[in-house]
Novice: 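My structure is below; once you've seen it, I'll send some questions.
As the structure is a prediction and not an experimental result, all values here were calculated from the model. Lettering follows sequence order; numbering is per chain, from 1.
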There are 2 protein chains.
Amino acid sequence: MDKQDRRRRPTISDVAAAAGVSPKTVSRVINNEPGVRAELADQVLAAISKLGFRRNTMASSLRSGRQTATIGLIIEDLANPFYSTIAATVANVARAHDTHLITVSSEEDPDLEQRQFLQLCQRRVDGMIIVPAGSDHSYTRSEVEMGMRMVFLDRPPSGILADSVVIDNAAGARSGIMSLLEDGHRRIGVVIDSPVIYTARERLAGVRSALAEAGIPYDDALVKVGVTNPEEAAHAIATMLDGVDPPTAFFTGNNRSTIGAIQELYRRDSDAALLGFDDFELATLMPRPLTVIAYDVQELGRAAARRLFERIGGDTSWPSETVIPTHLVQRGVQLLKS
Amino acid sequence: MDKQDRRRRPTISDVAAAAGVSPKTVSRVINNEPGVRAELADQVLAAISKLGFRRNTMASSLRSGRQTATIGLIIEDLANPFYSTIAATVANVARAHDTHLITVSSEEDPDLEQRQFLQLCQRRVDGMIIVPAGSDHSYTRSEVEMGMRMVFLDRPPSGILADSVVIDNAAGARSGIMSLLEDGHRRIGVVIDSPVIYTARERLAGVRSALAEAGIPYDDALVKVGVTNPEEAAHAIATMLDGVDPPTAFFTGNNRSTIGAIQELYRRDSDAALLGFDDFELATLMPRPLTVIAYDVQELGRAAARRLFERIGGDTSWPSETVIPTHLVQRGVQLLKS
DNA sequence: CCGGATAGAGACAACGTTGTCAACGACGAG
DNA sequence: CTCGTCGTTGACAACGTTGTCTCTATCCGG
């Protein structure tokens, strides 16, 4: 075969030799530095394309001490549409800054998150966007002191002062519940993830705030916590509907639970109202009415990325918390026919 | 504030000085090389954690000439669930090889794809997985000669011999259409992307093959090509249904078109059969019956990543083409009630 | 025609790490 | 007691690039 077994990559010195100049002159040409005669520059460019030279980014940023033009993104699971939307948005902002994005999954494991964080530090990324899994980020402190920039996304950091971008969870849940109350619902079933998780805690707080304001007592039998997937949500809904004095409306704390609720409510032909946190792609084709607490996921990622690049650009102002607003939207396939 | 303005990162020499040993000894310790007295090693480790030293990955792989433990993934759009599933799977395989993943979007622009490819080469990634946007990849040849490994995903390469992993597009479409024919359908509307795109071309070929075998003439009025989003698909469906002798069944060439078709068919209460290429997350909750041509998206990404790491590991066998099989699945919310 | 300014080019060292090899003391065999 | 060996340790150079400085030739005003 014509395989010329791993030809060595040409270096700046090879180019210099081929063009009959010094390595430094080649460096000047590839960096568009002034002070090279046009004629010589042409020779160098010719040699570069003849040899197929590509400057070694690692050597370059090692020597120059400049940015590595790489940022890191630590999320729970890239396969989740919420996170992949964020990753796509962050990558777009990064590209506008000629920066590459390394995405790693923490799989909700605080230990793994920490290991991934340190590995990215070793790579000398210019900064990181973190969706925290753990609840203590003091381990980042020494890295921050040495110049690592971080922005926390979707959940605030703890044990360290840093920028964050979050959704207005409590207000969103609160306004959603209030709208159910206005519609006359008095028994509202709540299906939500474990309050260990920041977003679940905040959303539940929003629910309680709305109920308290309406003078409706908080009924433990109507609140199921620790629900993490559609099946558990469907089961929780079923249990509540089968109980005495069943709810006339449900609040589900995230889109996974909402999916489970739709399945169960549709299966039973139940006409209970459904309010879910998080919009999702095919919500308009769901076989029953529902209301979702929506927000701009792209804006969430964009805001975090922008903040990060401000920091990388030299911003040393006091850490900020950006809050993304929510709004209520009607969903369900019945809207198509009207 | 207590900001100690960008403390310099400690190097191996700083650790050496703190531990009273030579830099080489520190290097031996952090690389778990034998031949260091336990006592000395402890001193070194103490100095490392005291100073918060993190080995500079770039300097390390520059000097050692070893792999950079980074691979690249070039896709069209990370926000698309198909690609994000692939990205997640590839990242998982990469993590098992202690490798980081840089994901970049080509946005279906061949020029951008080429630029991204070259940038990743400059970073000296160990290999790349590419979902080709362009139709000529001869520009990769010089890089391949210099040792860059590539695996093409979802579409085969052109102008270069390389590994690829693709779906069995033609056979999938063919068997789907044959199943429609068995159900007695004779007029089948086809809504598909531009045949410039490999997958659309193959799927259309599968359709024609099945029709030809059944002796059904190919009717141009029943084939709409160049459809890229749900709205166009819905419109194409509407036009065909409003024509004379409308179809009794539709084939949509990808999940975006399928969504558009569902919307239009549901809106009209049409009972036309629907067959769509690609399964999708909430297909089980769609408000009408449909059949999807499904395949294991994760397996697609996993196979490509595995092949890439085989190459990185030194495999120099002849390039292979892996074909992922498809199968037909019934979807739609009506299945929930049975 | 001279002195100083200026532009162009290269020599050299350094970024942080690690491969190579030499140096050292301790040890056992002869 | 001597020699070779082994186990440790360090000195040095090099990976590919670029910042700093020096050197040379050219140009201008006087």
Novice: Counting any heavy atom closer than 4.0 Å, what does Q122(A) reach on the DNA or RNA strands: base, sugar-phosphate only, or nothing?
Specialist: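 No contact.
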Novice: Using a heavy-atom cut-off of under 4.0 Å over every strand shown, decide if E39(B) touches base, sugar-phosphate, or nothing.
Specialist: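 Nothing, no nucleic acid heavy atom in range.
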Novice: Looking at R9(A) and E145(B), is there a salt bridge between them, counting it only when a charged N and a carboxylate O are closer than 4.0 Å?
Specialist: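 A salt bridge is absent here (no side-chain N lies under 4.0 Å from a carboxylate O).
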Novice: Between atom OH of Y83(A) and atom OG of S84(B), what is the distance when rounded to the nearest 0.5 Å?
Specialist: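 So the gap between those two atoms works out to 13.5 Å.
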Novice: Salt bridge or not for D163(A) and R149(A), using N-O below 4.0 Å?
Specialist: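 No salt bridge links D163(A) with R149(A).
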Novice: Over the length of the helix from dC1(C)-dG30(D) to dG30(C)-dC1(D), how much do the five-pair end axes diverge, rounded to 10 degrees?
Specialist: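 Computed from the C1' atoms at both ends, the axes differ by 50°.
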Novice: Starting at CD1 of I129(B), measure out to CZ of F152(B) and round the result to the nearest 0.5 Å.
Specialist: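 One gets 11.5 Å once the value is rounded to the nearest 0.5 Å.
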Novice: If I take atom CE from residue M58(A) and atom OG from residue S60(B), how far apart are they, to the nearest 0.5 angstrom?
Specialist: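 If we round to the nearest 0.5 Å, M58(A):CE and S60(B):OG are 9.5 Å apart.
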Novice: Determine whether M150(A) and M148(A) make a side-chain contact, defined as any pair of heavy atoms from C-beta on separated by less than 4.5 Å.
Specialist: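 The answer is yes, as the side chains (C-beta and beyond) meet within the 4.5 Å cut-off.
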Novice: Please report the interatomic distance CG(L73(B)) to CD1(I75(B)), rounded to the nearest 0.5 Å.
Specialist: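 One finds 5.0 Å between CG of L73(B) and CD1 of I75(B).
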Novice: Heavy atoms under 4.0 Å is the rule here; annotate nucleotides 8-17 of chain D 5' to 3' with B where the base is hit, S where only the sugar-phosphate is, and - elsewhere.
Specialist: SBBB-BBBBB
Novice: Taking the side chain as everything from C-beta on, heavy atoms only, tell me whether I324(A) gets closer than 4.5 Å to V166(A).
Specialist: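 No; the side chains remain at least 4.5 Å from each other.
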